[in-house]
Amino acid sequence: MPELPEVEVSRLGLLPYLPGQVLQGVSLRAPRLRHELSPALAERPVGRCLKRVERRGKYLLFDFESEGGGGWIILHLGMSGSLRLVPPGTPPGKHDHVDLHFPGRTLRYRDPRRFGTLLWVDGPVVLDHPLLAPLGVEPLSDAFDGAWLHQALRRRQAPIKQVLMDAHCIVGVGNIYAAESLFRSRISPLTPACRLSRQRCDRLAATVREVLAESIAAGGSSVRDYVHSDGGAGSFQLIVAVYDREGEPCQVCGGPIRRITQGGRSTFYCPRCQR
DNA sequence: CGTTACCCCTGGAGGC
DNA sequence: TGCCTCCAGGGGTAAC
């Protein structure tokens, strides 16, 4: 499942090829992903120049400039989405739902489970869109540190694991990175967020940043004209210490990794090391 | 305002 | 071997 690092690596993979190119056409082969695919997506951006590809949380934002005000494509990979650049005319596979045709290259969106999002927004500004406006802090920005985190957690009584994954608080931290960050900072996923000391918030903020940056660096080194986003085990060479390792020995203490359910999702942690 | 239940969808896992 | 059922999982939305 694509998380912030996979999305950022996808973005980096597009940068050498797409900005500055005029969109020639759009093919929609599915009626809907998470939401209905609007006809505007197939019509409005065509003939416009793609200025930039930005990222906000796990959303990719394609900026199409224009004399008349411009507009954006908002894209989210959901759980199983991936992007790749293919030569024009490449036959689409079963789950290749959308193509953006650029000169000499087609940006192809694949999403077997169709939890993704792809939509067109008119106008020069996109960050005030209802999907983006409520998003929390970017964990790789300067604004995110122990002091910020300590303040943000003050009123949250929910377990820290669930708050870490709350995109209205911090964007881009999914199940894998939440588990790995908590393991590295030796904090139990069950700890009520508001009970974390300033010192532990310092440690947690640092490890969240560290894990994300490591993963981006590992993925970034493998970017070519193929844009990876499948997020499969080991695809980013991130050393996974606890995620999906129920029953396996902890790398630090040798005790068994435990799996529990929090908010309907699996949490993996070492009950001995994480307090 | 914080928290929780539900829903979207399909591949893969497990049961028989 | 094959068919059927179950369910994870991001995140938005509605409801509590």
Side-chain angles (χ1 to χ4, degrees), chain A residues 1-10 28-38 55-61 74-83 92-98 109-119 121 126-139 149 151-181 189-196 208 212 215 229-236 240 242-247 258-268:
Chain A
M1 55 292 339
E3 300 193 26
L4 187 151
E6 288 85 341
V7 176
E8 179 63 8
V9 166
S10 293
L28 304 181
R29 283 180 293 267
R32 57 180 299 129
L33 299 173
R34 179 177 227 306
H35 307 281
E36 209 168 299
L37 287 172
S38 106
R55 180 187 59 76
R56 178 75 175 98
K58 297 182 191 174
Y59 289 90
L60 283 177
L61 310 172
I74 298 179
L75 183 156
H76 194 291
L77 295 170
M79 283 218 22
S80 59
S82 62
L83 290 170
K94 183 180 175 189
H95 302 296
D96 293 336
H97 304 308
V98 179
Y109 178 80
R110 171 178 302 183
D111 189 358
R113 294 192 182 176
R114 288 190 264 153
F115 274 24
T117 298
L118 204 47
L119 57 95
V121 177
V126 73
L127 290 179
D128 60 358
H129 187 277
L131 290 177
L132 307 179
L135 294 179
V137 70
E138 288 284 341
L149 188 59
Q151 160 73 22
L153 300 183
R154 266 205 300 191
R155 289 179 193 164
R156 307 296 298 265
Q157 294 184 283
I160 182 60
K161 157 75 163 19
Q162 284 165 262
V163 178
L164 266 189
M165 289 180 63
D166 179 0
H168 302 315
C169 184
I170 305 162
V171 295
V173 181
N175 214 16
I176 297 175
Y177 296 97
E180 296 303 314
S181 302
L190 295 160
T191 309
C194 56
R195 290 232 287 267
L196 288 178
V208 165
L212 293 174
S215 191
S229 309
D230 62 346
S235 69
F236 280 74
V240 176
V242 289
Y243 183 77
D244 206 19
R245 289 182 175 265
E246 181 182 18
R258 180 180 297 171
R259 170 191 156 134
I260 59 174
T261 299
Q262 291 183 291
R265 282 176 173 71
S266 292
T267 297
F268 300 89

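The sequence lines fix the lettering, A, B, ..., with proteins before strands; numbering per chain opens at 1.
For A/Tyr243, the ring pair (Phe, Tyr, Trp, His ring centres under 6.0 Å) partners at least two apart in sequence or on another chain are A/Phe268. Looking at residues two or more places apart in sequence or on another chain, you find a salt bridge (Lys or Arg N to Asp or Glu O under 4.0 Å) between A/Arg56 and A/Glu138. Partners of A/Arg245 under the salt bridge (Lys or Arg N to Asp or Glu O under 4.0 Å) rule, at least two apart in sequence or in another chain, are A/Glu248. Looking at residues two or more places apart in sequence or on another chain, you find a salt bridge (Lys or Arg N to Asp or Glu O under 4.0 Å) between A/Arg29 and A/Asp99. Looking at residues two or more places apart in sequence or on another chain, you find a ring pair (Phe, Tyr, Trp, His ring centres under 6.0 Å) between A/His76 and A/Tyr59. For the side chain to side chain contact (heavy atoms under 4.5 Å, CB included) test, residues two or more places apart in sequence or in another chain that qualify with A/Ala167 are A/Leu135. Taking the side chain to side chain contact (heavy atoms under 4.5 Å, CB included) definition, one finds that A/His35 meets it with A/Thr117, sequence neighbours left out.
For A/Glu180 against A/Val242, the heavy-atom pair with the smallest separation is OE2-N, 3.0 Å. Considering every non-hydrogen atom in both A/Leu77 and A/Asp111, the closest pair reads O-OD2, 4.1 Å.
Not one side-chain nitrogen or oxygen of A/Thr117 sits closer than 4.0 Å to the OP1 or OP2 atom of C/dG11. Between A/Tyr177 and C/dG10 there is no side-chain N or O to OP1 or OP2 distance below 4.0 Å. The phosphate of C/dG11 (OP1 or OP2) has a side-chain N or O of A/Lys58 nearer than 4.0 angstrom.
One interatomic measurement links the two molecules: CG of A/Leu37 to P of B/dC8, which rounds to 17 Å at whole-angstrom precision. Taking atom CD of residue A/Glu36 and atom P of nucleotide B/dC7, one finds them 20 Å apart after rounding to whole Å. The separation between A/Ile176 atom CD1 and C/dG11 atom P is 12 Å, rounded to whole Å. Going from atom CZ of A/Arg32 over to atom P of B/dC8 covers 9 Å, rounded to whole Å. B/dT3 atom C1' lies 14 Å from atom CD of A/Gln262, rounded to whole Å. Protein atom NZ of A/Lys161 is 12 Å distant from nucleotide atom C1' of C/dG10, rounded to whole Å. The separation between A/Gln162 atom CD and B/dT3 atom C1' is 9 Å, rounded to whole Å. One atom, CZ of A/Arg156, and another, P of B/dC1, lie 12 Å apart when rounded to the nearest Å.
Within a 6.0 Å sphere centred on CD of A/Glu36, heavy atoms belonging to other residues, nucleotides or ligands number 12 at most. At most 12 heavy atoms of other shown residues, nucleotides or ligands fall within 6.0 angstrom of atom CZ in A/Arg195.
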Show each protein N/O and nucleotides 12-16 of chain C N/O combination with a separation under 3.5 Å, one pair to a line.
unit_1	atom_1	unit_2	atom_2	d
C/dG12	OP1	A/Tyr59	OH	2.3

For nucleotides 3-6 of chain C, which of its nitrogen or oxygen atoms have a protein nitrogen or oxygen under 3.5 Å away, and what is each distance?
none

Scan nucleotides 10-12 of chain B against the protein and return all N/O pairs shorter than 3.5 Å with their distances rounded to 0.1 Å.
unit_1	atom_1	unit_2	atom_2	d
B/dT10	OP1	A/Arg114	NE	3.4
B/dT10	OP1	A/Arg114	NH2	2.0
B/dT10	O2	A/Arg113	NE	3.1
B/dG11	OP1	A/His95	NE2	2.8
B/dG11	N3	A/Arg113	NH2	3.4

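Both A/Arg265 and A/Val163 sit near DNA chain B, but only A/Val163 has its closest nucleotide nearer the 5' end. Position along DNA chain C of the nearest nucleotide to A/Gly172 versus A/Arg259 favours A/Arg259 as the more 5'-ward residue.
Contact check for A/Asp244 versus A/Ile176: no side-chain heavy atoms found under the 4.5 Å cut-off.
Sequence neighbours left out, the pairs with a member in residues 153-163 of chain A that pass salt bridge (Lys or Arg N to Asp or Glu O under 4.0 Å) are A/Arg156-A/Asp166.
Residue contacts for A/Phe268: at a heavy-atom cut-off of 4.0 Å it reaches no nucleic acid atom on any strand shown.
Here the rule is side chain to side chain contact (heavy atoms under 4.5 Å, CB included) with A/Arg114, and of A/His97, A/Arg34, A/His95 only A/His97 fits it.
Under a 3.5 Å cut-off, the side chain of A/His168 and the backbone N or O of A/Pro134 do form a donor-acceptor pair.
Residue-nucleotide stacking is present for A/Phe115 and C/dG10, judged by a side-chain ring centre under 5.5 Å from the six-membered base ring centre and planes under 30° apart.
The overall bend of the helix from B/dG2-C/dC16 to B/dC16-C/dG2, read as the angle between its terminal helix axes built from five base pairs each, is 50° when rounded to 10 degrees.
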